[in-house]
4 protein chains.
Amino acid sequence: MEFKSKKGIFQQIADSICEKIIAGELLTGEKLPSVREQAALTGVNQNTIMRTYAELQRDKIVVNKRGIGYFVTEKAAGKILSKRKNDFFKESLPEFIKQVEILHLTKDDLKDLLKVLK
Amino acid sequence: MEFKSKKGIFQQIADSICEKIIAGELLTGEKLPSVREQAALTGVNQNTIMRTYAELQRDKIVVNKRGIGYFVTEKAAGKILSKRKNDFFKESLPEFIKQVEILHLTKDDLKDLLKVLK
Amino acid sequence: MEFKSKKGIFQQIADSICEKIIAGELLTGEKLPSVREQAALTGVNQNTIMRTYAELQRDKIVVNKRGIGYFVTEKAAGKILSKRKNDFFKESLPEFIKQVEILHLTKDDLKDLLKVLK
Amino acid sequence: MEFKSKKGIFQQIADSICEKIIAGELLTGEKLPSVREQAALTGVNQNTIMRTYAELQRDKIVVNKRGIGYFVTEKAAGKILSKRKNDFFKESLPEFIKQVEILHLTKDDLKDLLKVLK
DNA sequence: GTGGTCTAGACCACC
DNA sequence: GTGGTCTAGACCACA
């Protein structure tokens, strides 16, 4: 696994897990790889994975069953989507609009740039 | 001045200066507030302002006349805009598109969200 | 059976057995459910039940008759009560008092809170 | 600093800081010892202190000013007290009552045991 | 100087 | 086997 620099590694792993969940690759109730496995898979220290899992647990995206492992919660996909939506409308969208205005791009420019979307 | 956590303070100050330049509030040849004035204005350590000015100088957006102060260069607005454009197309736009896709927003949703633009 | 996180599962099961004993629901000489029955009842791994029973045996609260099962000893209720009393006076009570003081509760507040007791 | 075994060290340090806050030994706006200082003071690893401070920050008991340090928030004492009250009424008190009942202590016994309180 | 992240490795309790 | 905590030490960006 490769990591781009700006965000912490533990965050990037958390994000990638979240994306698997909303993509349906990780289902409700499914078990995540154990800390050690995940560490091996990603080529990262166990402590870093522990932090990833701990944060996911704090956000109720994952729960721990003692001595067994971490499991995707029921509300996981919902939690993730609602957080992402919130971030999008409160941060990304205004920031995007601000940049568009600064660059004096017009609606037509944008229509062109965003034509990749359905 | 308030600082949100993710970017460095020096960056945020640099950004705000750049925005004043492309908005025409700071003109070519105009003198920036002295380091200590700027520090007072922003409520920030002088070292931080020095770093801000140093970075702006590195990017040829301002020049230092020793013993006198920092001045906006001729090419400042051009430099800033070309950097911002580059960032926009290489970073912000792809990231924005990715988020839009994850949230399953349609072109029509976007048209609505971006109707504030001209 | 539900398990809250702080104590070990084996402990929680041991506690619940002990409470049945002092409540008279499990009498001297009575046979505990077999390990696999207990495991099924509580929805827990057999190893965990084995540990529970082993600890109870260590404390002389149950004895194992090989090939037959685990049985409540004569002194079980006495052992349990004396251990609980000891814990209560050395741990719970001082801790309780400390918390009451930190929250600045008065004797009258307490009288009110504890009025459910006979 | 000495640590008793059951809670994590990072928690015990967090607790002790909280107690200083509600005791008025650490005032609103006051700066905590830097991570390194606190580590030296308590004889504990810096990472452990980092975790302590991070948790306190998550609970809004403390805020970080970048490059400067951690500071006690306005609402710190309030947050702490309300959390402690909640814990007391939802956990400690019911647990205490349960133990008292199991041990068949009477109200008079308790009156005696709690006479140290004002 | 400050916080923050990551690694490597050890040790523990629990299932 | 599982998670969880702690240590020691390195390295980084920021004020």
Side-chain angles (χ1 to χ4, degrees), chain A residues 3 5-13 31-39 42-57 62-71, chain B residues 3 5-14 39 42-52 54-55, chain C residues 3 5-14 39 42-52 54-55, chain D residues 3 5-13 31-39 42-57 62-71:
Chain A
F3 302 103
S5 55
K6 59 183 177 184
K7 287 184 199 167
I9 292 179
F10 74 95
Q11 254 305 340
Q12 296 177 51
I13 297 174
K31 180 178 174 302
L32 297 187
S34 81
V35 173
R36 289 158 171 83
E37 277 170 7
Q38 189 70 272
T42 48
V44 149
N45 190 281
Q46 294 187 14
N47 286 326
T48 306
I49 302 297
M50 265 301 312
R51 181 161 180 194
T52 298
Y53 282 11
E55 305 261 304
L56 290 175
Q57 168 143 279
V62 120
V63 283
N64 176 257
K65 296 189 188 171
R66 316 203 358 182
I68 308 193
Y70 281 88
F71 297 81
Chain B
F3 303 101
S5 53
K6 55 183 177 183
K7 287 185 200 167
I9 292 179
F10 76 96
Q11 257 304 343
Q12 296 177 53
I13 297 174
T42 48
V44 150
N45 191 296
Q46 293 191 14
N47 290 324
T48 305
I49 302 298
M50 291 213 353
R51 176 154 182 198
T52 298
E55 303 266 311
Chain C
F3 303 101
S5 52
K6 55 183 177 182
K7 287 185 200 167
I9 291 179
F10 77 95
Q11 256 306 340
Q12 296 177 53
I13 297 174
T42 48
V44 149
N45 192 295
Q46 293 191 15
N47 290 325
T48 306
I49 303 299
M50 292 211 356
R51 175 156 183 197
T52 299
E55 303 264 312
Chain D
F3 302 103
S5 53
K6 58 182 177 182
K7 287 185 200 167
I9 292 179
F10 73 95
Q11 255 305 341
Q12 296 177 51
I13 296 174
K31 180 179 175 299
L32 296 187
S34 81
V35 172
R36 289 158 170 84
E37 277 171 7
Q38 189 71 270
T42 48
V44 148
N45 189 282
Q46 293 188 14
N47 287 325
T48 305
I49 302 297
M50 263 304 309
R51 180 160 181 194
T52 298
Y53 282 11
E55 305 262 302
L56 290 175
Q57 167 142 281
V62 121
V63 284
N64 176 258
K65 296 191 188 169
R66 316 207 353 187
I68 309 194
Y70 282 89
F71 296 81

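Each of Q11(D) and Q11(B) has a nearest nucleotide on DNA chain F; the 5'-most of these lies closest to Q11(D). The residue among F10(B) and N64(A) whose nearest nucleotide of DNA chain F lies closer to the 5′ end is N64(A). Between G67(A) and I9(A), the residue anchored nearer the 5' end of DNA chain E, judged by the nucleotide with its closest heavy atom, is I9(A).
Direction change of the helix axis from one end of the helix from dG1(E)-dC14(F) to dC14(E)-dG1(F) to the other is 10°, with five pairs defining each end axis (rounded to 10°).
Counting all heavy atoms, side chain and backbone alike, M50(D) lies closest to V35(D) at SD-CG2, 3.9 Å. In terms of heavy atoms, Q57(D) sits closest to Y70(D) at OE1-CE2, 3.9 Å. Taking each heavy atom of N45(C) and A39(C) in turn, the nearest pair found is C-CB, 4.4 Å. Nearest heavy-atom pair, Q46(D) versus R36(D), reported as atom, atom and distance to 0.1 Å: NE2-CG, 3.3 Å.
Between F10(A) and V44(A) the shortest side-chain heavy-atom distance does not fall below 4.5 Å. Residues E55(D) and R51(D) meet the side-chain proximity criterion, which asks for heavy atoms closer than 4.5 Å. Taking 4.5 Å as the limit, every side-chain heavy atom of S34(A) sits out of range of all side-chain heavy atoms of Y53(A).
At dC15(E), one or more side-chain N or O atoms of R66(A) fall inside 4.0 Å of OP1 or OP2 (strictly under the cut-off).
Of the residues in residues 42-53 of chain A, V44(A), N45(A), N47(A), T48(A), R51(A) come within less than 4.0 Å of DNA chain E through at least one heavy atom, sorted by number.
Shown here is K31(D), whose NZ atom has more than 12 heavy atoms of other residues, nucleotides or ligands within 6.0 Å.
Where DNA chain F meets chain B (any atom under 4.0 Å from a heavy atom), the bounding nucleotides read 5' to 3' are dC14(F) to dA15(F).
Put simply, the side chain of Q38(A) never gets that close to the backbone of L32(A): no donor and acceptor are under 3.5 Å apart.
Results of the side chain to side chain contact (heavy atoms under 4.5 Å, CB included) test with T42(B) over T48(B), I49(B), T52(B) single out I49(B) as the only residue that passes.
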